[in-house]
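Encoded as structure tokens, the structure appears first; notes follow it.
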Amino acid sequence: MAKGYRRLFFISIMTLGLWLLTGCTAKNDAADEAVITSLEQLGEPGRRIGAVDSTDDDKLIAEKLPQAKVEYHKDAMNGYTEVSQGKLDAFVYGKTAMETAIRNGMSGVRLLDETLGESYTMAAAIAPNSKIPDLENKVNAFLDEIKENGTLDKMIGRWLVKRDETMPEISVPESSDLHLVVGTSGVYEPYTYYAGTELNGYDIELAYRFAAWLGATIEFKVYDYGGIVAAAQGGDVDCIFAALFITPEREEAIRFSQPTYVEEIAVMVRDSENASKSVGEGDLGISDYNGERIRDSFNKTFIREERWKLFGEGVGTTMLITVLSILSGTLLGFCVFMLCRNGNPVANLVTRFCLWLVQGMPVVVLLMILYYIIFGSVSISGIAVAVIGFTLTFGASVFGLLKMGVGAIDKGQYEAACALGYSDCRTFFRIILPQALPHVLSAYQGEIVGLIKATAIVGYIAVQDLTKMGDIVRSRTYEAFFPLIAITVIYFVLEGLIGFLVSRIGVNINPKRRGPADILKRVKTDD
């Protein structure tokens with residue numbers, strides 16, 4: 001255990017040193033780059049231009065700037081950061097969203113005066129199998145009404161022109177025969193984002209107003225942008241209000257309402273001159289953080305709008321998934337091992353096939369198959385699906401560990417127990433298993449650590465775990481340092497806590513690691 005901690009400390013020091021070195025040199029290299037002031041410069045061969053992978057921006061870039069190389073990102077925030085750090089020459093996205101990012105503190109970037117001459121058409125998306133009848137016509141009728149009475153124009157003026165981020169009071173029924181489930185992303189200000197612990201933004205207000213118009217209760221489910229259309233296809237949500245752009249391929253998968261807003265497509269480039277003067281993160285390395293900047297970043301990440309509550313909710317979700325998966329996965333792996341222990345051919349065949357299937361695919365793919373396909377038509381929470389998915393993967397690991405540990409016990413132990421008149425079951429539980437467990441306990445502890453880290457992907461199935469909450473905070477503060485460091489520290493604490501508990505179990509079951517007092521417990525020594 002001590003060697004492991006020393007190794008971890010050494011790796012951490014080396015990583016920190018490399019980070020400081022690259023952070024100090026990258027800025028000097030970037031300062032020598034030519035400032036980009038026009039689209040003509042971006043048309044030069046070898047330019048790297050970023051785009052969100054769920055839009056058609058890559059086709060637009062290929063048409064307007066055919067010699068540029070397109071790099072894909074799962075969300076806009078990562079694109080902004082890479083432009084500010086000089087890893088991308090430019091990033092293409094909606095003008096309003098990028099202007100909002102710069103206004104709220106995203107440093108080291110600016111927008112070109114030129115645009116690509118195209119626009120996004122945003123609309124509400126309608127799930128093909130919504131439980132609310134005739135939902136598409138209802139959404140369109142609602143939009144016609146708020147356009148006619150001027151409500152939509154007032155919303156556009158407030159959210160997208162004046163940038164007033166105050167959500168009005170909208171009376172939504174607390175109980176109703178109709179229940180509207182809305183998919184959103186929560187990371188695209190000013191359309192859908194978190195103000196404190198509550199969803200806010202132009203599309204969120206639209207969703208609330210539609211639920212009130214419909215006389216329905218409302219529930220929001222938050223997805224990564226790339227999975228939100230699949231959620232609608234699978235019937236997990238009734239509709240999507242999430243600054244969703246209409247694209248030809250999306251129109252093949254789901255239906256769209258009439259437009260809710262038209263967004264101009266702009267180009268973000270690096271602003272080298274203002275990078276060091278800005279308040280936000282920009283391309284700052286760790287060496288740029290003095291006491292004042294650290295206090296400011298800490299305040300924005302944790303204190304402002306009580307964002308620490310988001311991290312608390314994320315920790316609770318991560319721990320719930322982890323603990324349930326450990327318990328159920330251990331039970332599953334043990335039960336399967338007991339079925340296969342004596343060589344049952346049917347049980348072994350089925351087990352080998354299931355192990356091949358579960359272990360042969362990435363966990364994120366397994367979760368998405370479970371959520372969007374196997375349980376696509378079933379009303380089940382993302383947390384439950386995550387527990388099922390991680391139970392399968394952890395159970396497969398436990399089965400392999402038990403097989404290895406039991407296989408390490410000499411066959412003579414079985415023969416001796418049989419000669420003493422022990423039954424097969426009693427031999428296994430009283431003689432074989434107690435000797436096998438110490439052989440695999442350290443590997444079991446490693447599997448638990450791996451499981452905790454693997455839970456970081458559950459945001460793909462609308463689970464707001466610790467990592468997803470960190471992304472939400474990062475999308476509001478436009479800083480990577482504190483949200484990511486906070487997530488890292490919390491994961492280390494969780495791993496250390498659970499690792500300590502497992503190690504204590506190891507002391508109790510391994511005679512070599514128990515002291516004389518533990519060994520002689522309940523034994524009469526004065527006879």
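Residues take their numbers from the sequence shown, with the count starting at 1.
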So, the side chain of [X] versus the backbone of [Y]: is there a donor-acceptor pair under 3.5 Å, distance only?
X    : Y    : answer
N78  : T81  : no
T455 : T318 : no
R250 : V229 : no
T488 : L484 : yes

inquiry  = Run the side-chain contact (heavy atoms from CB on, under 4.5 Å) test against K403 and tell me which residues pass, sequence neighbours left out.
reply    =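 For K403 the side-chain contact (heavy atoms from CB on, under 4.5 Å) partners, ignoring immediate neighbours, are F337, F399.
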request  = Could you go through the salt bridge (charged side-chain N to carboxylate O under 4.0 Å, His left out) check for R341 and D424 one step at a time?
outcome  = CA-CA 11 Å; R341 184 171 66 88; D424 177 70; 2.7 Å; yes
task = Kindly confirm or rule out a cation-pi arrangement of R295 over F298, judged by NZ or CZ under 6.0 Å from the six-membered ring centre and within 45° of its axis?
result =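 Verdict for F298: no cation-pi partner in R295.
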Do the side chains of [Y] and [X] get nearer than 4.5 Å, heavy atoms only?
X    : Y    : answer
Y223 : I240 : no
I126 : I254 : no
D471 : M77  : no
F334 : L433 : yes
V187 : I472 : yes

query = Hey, is D89 close enough to K69 for a salt bridge, meaning N to O under 4.0 Å?
reply =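 So D89 does not pair with K69 through a salt bridge.
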request  = State whether K74 and D53 are salt-bridged, where the test is any N-O pair (Lys NZ or Arg NE/NH1/NH2 against Asp/Glu carboxylate O) under 4.0 Å.
outcome  =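 Here K74 does not pair with D53 in a salt bridge, since their nearest N and O are not under 4.0 Å apart.
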message = For N200 and Y193, which I'm curious about, is there any donor-acceptor pair between the side chains at under 3.5 Å?
response = yes
message = For F311 and F302, take the angle between the two ring planes, folded into 0 to 90°, and tell me which bin it lands in: parallel under 30, tilted 30 to 60, perpendicular over 60.
response =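 Because their plane-to-plane angle lies in the 30° to 60° range, the rings of F311 and F302 count as tilted.
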Residue pairs involving residues 458-469 (criterion side chain to side chain donor-acceptor pair (under 3.5 Å); sequence neighbours excluded) = Y194-Q464, D224-K468, T467-Y491
